[in-house]
Amino acid sequence: MSNLNFNDDSGDDSDLQLQRSTPHKGQTIVIPTSDVTFPETYEMAIVSVPSKVCNPGPIGLFSLCIGCCVLIGADMGWTSSTVLARAPWLFWIPGVAQIVAGVLELFANNVFGSFAFVIYGGLWCGLSWTYVHLAYVDMDDSHEELKHFGWICVGFLIFSLILLLASLQLNKTFPLILVSISIALISLIFHVFFGTSSIPTGLFLLFVAIFAYYTAYAIILNTYFQKQVLNVGKPLYSWADKLQKKLEKKQDMETL
């Protein structure tokens with residue numbers, strides 16, 4: 001927010017002058033309108049200085065898709081690649097690229113996107129280094145070595161459920177992505193702790209990839225053509241609208 005200073009050099013309220021510093025990119029400044037009556041009453045106009053950072057959402061979503069594709073083949077039994085061969089792809093694309101997208105979301109003032117991409121990017125980086133570690137561990141000890149990763153998945157499951165609640169007021173595709181991620185994490189937790197099949201994990205990672213691909217393409221095409229080319233749906237639930245309705249109802253009750 002830019003600094004605003006009212007200087008009264010003449011002692012007359014009508015001669016008040018507004019001074020403000022030059023705003024930086026992405027800042028919001030508040031300036032009085034021409035109808036100012038100060039100090040008794042005055043109206044404020046909001047002027048937004050647009051950020052020059054493009055929407056980094058597709059970068060993070062495409063990175064998520066690549067990470068899912070790497071794991072789907074292994075979980076479904078379609079590939080026989082070693083964990084060491086999968087590690088670099090998991091580290092650089094869904095790991096580092098998602099973290100970069102999350103940092104760019106901070107400059108775009110998108111709290112939801114920044115938290116999601118940075119935290120999930122950390123998960124992929126950690127998973128890749130876990131794969132590197134397992135490559136040098138005896139197979140008989142690998143199950144015990146992975147139990148700590150199961151508890152990490154529990155923490156990320158809680159994080160995913162929190163993001164799921166927040167995504168309900170964005171559109172319909174983000175909740176689908178987060179529901180699929182949550183179910184995949186639950187399946188992975190059972191696989192780590194109880195040795196169940198990894199096929200359900202691969203199946204829901206496939207759903208994650210499909211929904212993420214669609215959402216990324218929707219963002220790109222809708223932004224490029226400046227119109228809705230692919231529909232991502234309206235919010236499933238708006239917390240702000242519900243709160244506003246409650247406040248309006250309370251005000252109506254007070255006026256009666």
Participant: Would you mind reporting whether Tyr213 and Phe62 have side-chain heavy atoms less than 4.5 Å apart?
Facilitator: yes
Participant: Do Ile181 and Leu157 land in one hydrophobic cluster if side-chain heavy atoms of ILVMFWY residues count as linked below 4.5 Å?
Facilitator: yes
Participant: Looking just at side-chain N and O atoms, do Tyr120 and Ser160 make a donor-acceptor pair shorter than 3.5 Å?
Facilitator: yes
Participant: Contact between Ser182 and Leu161 at the side-chain level, heavy atoms closer than 4.5 Å - yes or no?
Facilitator: yes
Participant: Could you check Tyr224 against Tyr217 for ring-ring contact (aromatic ring centres under 6.0 Å, His included), going step by step and ending with a plain yes or no?
Facilitator: CA-CA 10 Å; Tyr224 182 78; Tyr217 275 117; over 10 Å; no
Participant: Closest approach of Val208 and Leu64, non-hydrogen atoms and distance?
Facilitator: CG1-CD2, 3.9 Å
Participant: Do the side chains of Pro58 and Thr223 get nearer than 4.5 Å, heavy atoms only?
Facilitator: no
Participant: Report the relative orientation of the aromatic rings in Phe190 and Phe194; use parallel for angles under 30°, tilted for 30 to 60°, perpendicular for over 60°.
Facilitator: tilted
Participant: Of all heavy-atom pairs between Thr196 and Ser187, which one has the smallest distance, and what is that distance?
Facilitator: OG1-O, 4.2 Å
Participant: Within a strict 4.5 Å, meaning less than it, do heavy atoms of the Leu71 and Thr201 side chains meet?
Facilitator: no
Participant: Measure the spacing between CG of Leu163 and CG of Leu170 and express it to the nearest 0.5 Å.
Facilitator: 9.5 Å
Participant: Is the distance between the ring centroids of Phe112 and Phe117 under 6.0 Å?
Facilitator: no
Participant: Any side-chain heavy atom of Glu105 within less than 4.5 Å of one from Asn55?
Facilitator: yes
Participant: Who passes ring-ring contact (aromatic ring centres under 6.0 Å, His included) against Tyr214, sequence neighbours left out?
Facilitator: none
Participant: Any side chain to side chain donor-acceptor pair (under 3.5 Å) involving residues 58-72? Give me the pairs, sequence neighbours left out, ordered by first then second residue.
Facilitator: none
Participant: With a 4.5 Å heavy-atom cut-off, do Leu61 and Phe174 have their side chains touching?
Facilitator: yes
Participant: Is there a donor-acceptor contact under 3.5 Å from the side chain of Lys172 to the main chain of Lys234?
Facilitator: yes
Participant: Give the C-alpha distance, both sets of side-chain angles, the deciding distance and a yes or no for side-chain contact (heavy atoms from CB on, under 4.5 Å) between Thr215 and Leu230.
Facilitator: CA-CA 8 Å; Thr215 306; Leu230 293 178; over 6 Å; no
Participant: Decide whether Leu106 and Ile119 are clustered together by the hydrophobic rule: side chain heavy atoms of Ile, Leu, Val, Met, Phe, Trp, Tyr closer than 4.5 Å, transitively.
Facilitator: no
Participant: If I compare all heavy atoms of Ser180 with all of Leu176, which pair ends up nearest, and what's the gap?
Facilitator: OG-O, 2.9 Å
Participant: Roughly how far apart are Leu165 CG and Leu178 CG, rounded to 0.5 Å?
Facilitator: 10.0 Å
Participant: Within the structure provided, determine whether Trp124 and Phe91 are in side-chain contact (heavy-atom separation under 4.5 Å).
Facilitator: no
Participant: If you compare all heavy atoms of Val132 against all heavy atoms of Ala87, which two are closest, and at what distance to 0.1 Å?
Facilitator: CG2-CB, 3.8 Å
Participant: Can you see which heavy atom on Val118 is nearest to which on Val103, and at what distance?
Facilitator: CG2-N, 4.1 Å
Participant: Is the ring centre of Phe193 less than 6.0 Å from the ring centre of Trp151?
Facilitator: yes
Participant: How long is the span from the OG atom in Ser128 to the CZ atom in Arg86, to the nearest 0.5 Å?
Facilitator: 12.0 Å
Participant: Considering residues at least two apart in sequence or located in another chain, which fulfil the ring-ring contact (aromatic ring centres under 6.0 Å, His included) criterion with Phe115?
Facilitator: none
Participant: First locate atom CG of Asp75, then atom NE2 of His191, and finally report the distance between them rounded to the nearest 0.5 Å.
Facilitator: 7.0 Å
Participant: Grab the two heavy atoms, one from Ala209 and one from Cys65, that are nearest each other, plus how far apart they are.
Facilitator: O-SG, 3.5 Å
Participant: Between Leu164 and Pro175, is any pair of side-chain heavy atoms under 4.5 Å apart?
Facilitator: yes
